[in-house]
Amino acid sequence: MRLHWHRTDLRPSDNLALVSPDADSILPVYVFDPRILDHAAPPRVAFVLDSLAALREWYRTRESDLIILRGEAPTELARLAEATDADAVSWAQAYSGLGRRRDDRVRDRLADAGIETHTVHDHLLHEPGSITTNDGDPYAVYSYFWKKWRDREKASSVAAPGADRLADAPEETAIPTLADLGFDDPEATIPAGGYMEARHCLNDFCGDDIYRYEDARDAPATDATSRLSPHLTHGTVGIRTVHDRVVRAREEAPDDAAREAVETFRGELAWREFYHHVLYFNPEVVTENYRGYEHDIEWRDDPEALQAWKEGKTGYPIVDAGMRQLRREAYMHNRVRMIVASFLTKDLLLDWREGYDWFRRKLVDHNPANDNGGWQWAASTGTDSQPYFRIFNPMTQGERHDPDADYIREYVPELGGVDADVIHGWHELSDAERRDAAPDYPAPIVDHGERREAALTMFERARGEAD
DNA sequence: GAGCGCTTACT
DNA sequence: GTAAGCGCT
């Protein structure tokens, strides 16, 4: 008998370890480890609890059960393995430094007890090290990575294990509540978790919105995105299942433009894999700049500006709408994530780590690979060597991507009755005009033009080009 | 076959 | 500005 340790693979089907032929029967287990929970936050834990309930139900209808444990993973898994006479424990390979260190401790502890461990690469279509430059190095530029990733053969999804492969549970265990785990209720409404919900998301998206993804993905008011990100982060859907369904959508595409749109979405799956590879080969990026500068970047220390950003009260409507969406839904449209990240680092001149930490606490889909990759891209400390210094103009971005200001008005009620042209020109109004239009919405807390120059100077100094 | 200069493109 | 490919040595 083998234990399967579920972590970010909260699904029964398209789960490689559950169908690998090396065990006659499998007993599934999930562990709430305080060392890992230290880095978690209410939105993600709430999503996990929801997903665990669905997964446990799947096992229970097959006369097995998901064992839920609390405590340090090495100790708990060794104890359960001994109690159930399991001779092995399997899990899906982790790619973050924290996850790999934890898994090393588990592997050592189990080896001491004479228990085998099996790890499988399950989270990515192409594991780290399998897509490299012609010299064999990991890529630091996405576009070259994409060219190789795009054309490489992908594995197909696998079925769920048959009931005959599942072991009887020795005891019934309870799923804890958020309060049991020491978390407050999230302030946001958390999207439903679970493998069924993930399937719905995937099928909804691939039946319709995927064909206009190219044109509509950057319009947050339309939101023609997949909403799959929490499911991919927590593994309520398998990546092979997603890719198979996307390829089917491409085959069923009505025309070339629709086929292109599907390919654009496939590019987003490649970004996810690219950033996982980057994190795997550079685990320190969660706290350090990927790109070295000659001197430290002299980020400002401005707690009030940081607080205004977190609360969505910067006086830049598109930024504030995004930050309010985050608090309300534990989610933010991806285009707006780029805008608020650029604003934090290039307008408020605050360290990307502050933004990354807030996202880590608030996003239901946070994972260190994608989130860190996105933050360091916005902060100009990451991969991609850019020919120009990237600074988003928050007004232009708002006008271009939310022209009717529908997204802004949805999330910023103070601007509810205000015309789009007034909203997009908010920075140009006099105090009296602003009071007149929306008395409860703040004036811009910084001047974008001034801060743009200050950002350029800050990075010139870091490069050692100015004093 | 590594080491170079040249070219190309960077969401 | 710089990573990566390419062709040449």
Side-chain angles (χ1 to χ4, degrees), chain A residues 126 128-152 210 212-220 222 224-226 229 246 257 259-282 285 288-295 297 318 322 332-343 345-346 352 369-394 396-402 452 455-466:
Chain A
H126 300 297
S130 67
I131 305 259
T132 63
T133 68
N134 295 341
D135 289 344
D137 298 321
Y139 277 106
V141 173
Y142 168 74
S143 54
Y144 294 108
F145 177 88
W146 161 244
K147 282 176 193 151
K148 281 207 178 122
W149 186 94
R150 178 187 61 188
D151 298 331
R152 189 145 315 169
I210 195 169
R212 57 186 191 130
Y213 186 71
E214 176 101 62
D215 297 328
R217 68 188 180 126
D218 277 329
T222 309
T225 62
S226 72
S229 57
V246 166
R259 245 184 310 279
E260 268 310 299
V262 173
E263 212 51 6
T264 302
F265 182 74
R266 234 161 58 91
E268 299 306 314
L269 299 180
W271 269 109
R272 170 177 178 271
E273 309 226 334
F274 174 66
Y275 280 142
H276 277 81
H277 291 202
V278 170
L279 177 62
Y280 182 81
F281 290 109
N282 310 275
V285 295
E288 304 299 323
N289 293 342
Y290 174 88
R291 177 176 307 277
Y293 282 91
E294 195 169 331
H295 309 293
I297 301 166
I318 188 71
M332 197 190 307
H333 188 282
N334 189 57
R335 165 54 52 180
V336 189
R337 294 186 198 202
M338 293 188 246
I339 298 170
V340 305
S342 179
F343 188 80
T345 54
K346 307 292 173 61
W352 61 265
N370 291 335
D371 224 358
N372 186 270
W375 272 102
Q376 295 225 40
W377 180 84
S380 301
T381 61
T383 52
D384 105 307
S385 47
Q386 58 241 1
Y388 58 92
F389 187 67
R390 183 179 293 110
I391 300 180
F392 280 12
N393 181 319
T396 323
Q397 287 284 320
E399 252 180 303
R400 187 179 304 152
H401 299 299
D402 190 29
R452 185 178 185 284
L456 290 168
T457 307
M458 187 171 81
F459 276 84
E460 277 167 16
R461 287 166 66 108
R463 282 194 290 267
E465 291 166 4

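Here is the naming used below: chain letters follow the sequence lines, and residue numbers restart at 1 for every chain. Only this structure's heavy atoms are used, side chains among them; waters, hydrogens and symmetry mates stay out.
The side chain of A:K148 contributes an N or O atom lying less than 4.0 Å from OP1 or OP2 of C:dG5.
Applying the salt bridge (charged side-chain N to carboxylate O under 4.0 Å, His left out) rule to A:E268 yields the partners A:R217; only residues at least two apart in sequence or on another chain are considered. Take A:W375 and apply the side chain to side chain donor-acceptor pair (under 3.5 Å) test, not counting sequence neighbours, and it matches no residue. Taking A:Y139 as the reference, nothing meets the ring pair (Phe, Tyr, Trp, His ring centres under 6.0 Å) condition, with sequence neighbours excluded. Residues passing the salt bridge (charged side-chain N to carboxylate O under 4.0 Å, His left out) test with A:R390 are A:D384, sequence neighbours excluded. In this view, A:Y293 and A:F459 satisfy the ring pair (Phe, Tyr, Trp, His ring centres under 6.0 Å) rule, not counting sequence neighbours. Listed by chain and residue number, nothing satisfies the side chain to side chain donor-acceptor pair (under 3.5 Å) test with A:S143 (two or more places apart in sequence, or in another chain). In this structure A:F274 satisfies the ring pair (Phe, Tyr, Trp, His ring centres under 6.0 Å) test together with A:Y142, A:F145, A:W271, sequence neighbours excluded.
The interatomic distance linking A:R390 (CZ) with B:dT11 (C1') rounds to 8 Å, in whole Å. We find that CD of A:E294 is positioned 15 Å from P of C:dG1, with the value rounded to whole Å. The CZ-C1' distance, from A:F281 to C:dA3, rounds to 17 Å in whole Å. Look at CZ on A:F145: it is 15 Å from C1' on B:dT11, rounded to the nearest Å. Computed from coordinates, the A:R272 CZ to B:dT11 P distance equals 20 Å when rounded to whole Å. The separation between A:F274 atom CZ and B:dC10 atom P is 13 Å, rounded to whole Å. The separation between A:E268 atom CD and B:dT11 atom P is 12 Å, rounded to whole Å. Distance A:R463 CZ to C:dG1 P: 9 Å, rounded to the nearest Å.
For the residue pair A:R291 and A:S380, the shortest heavy atom distance occurs at CD-O, 4.4 Å.
Residues A:T345 and A:Q376 fail the side-chain proximity criterion, which asks for heavy atoms closer than 4.5 Å.
If you check distances only, the side chain of A:W146 never reaches the base of B:dT11 with a donor-acceptor pair under 3.5 Å.
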Any protein N or O atoms within reach of nucleotides 3-5 of chain B? Criterion: under 3.5 Å, listing atom names and distances.
none

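Counting non-hydrogen atoms under 4.0 angstrom, A:W271 reaches a base of the nucleic acid.
For the contact set between residues 129-143 of chain A and DNA chain C, defined by any heavy atom under 4.0 Å, the members are A:T133, A:N134, A:Y139, A:A140, A:V141.
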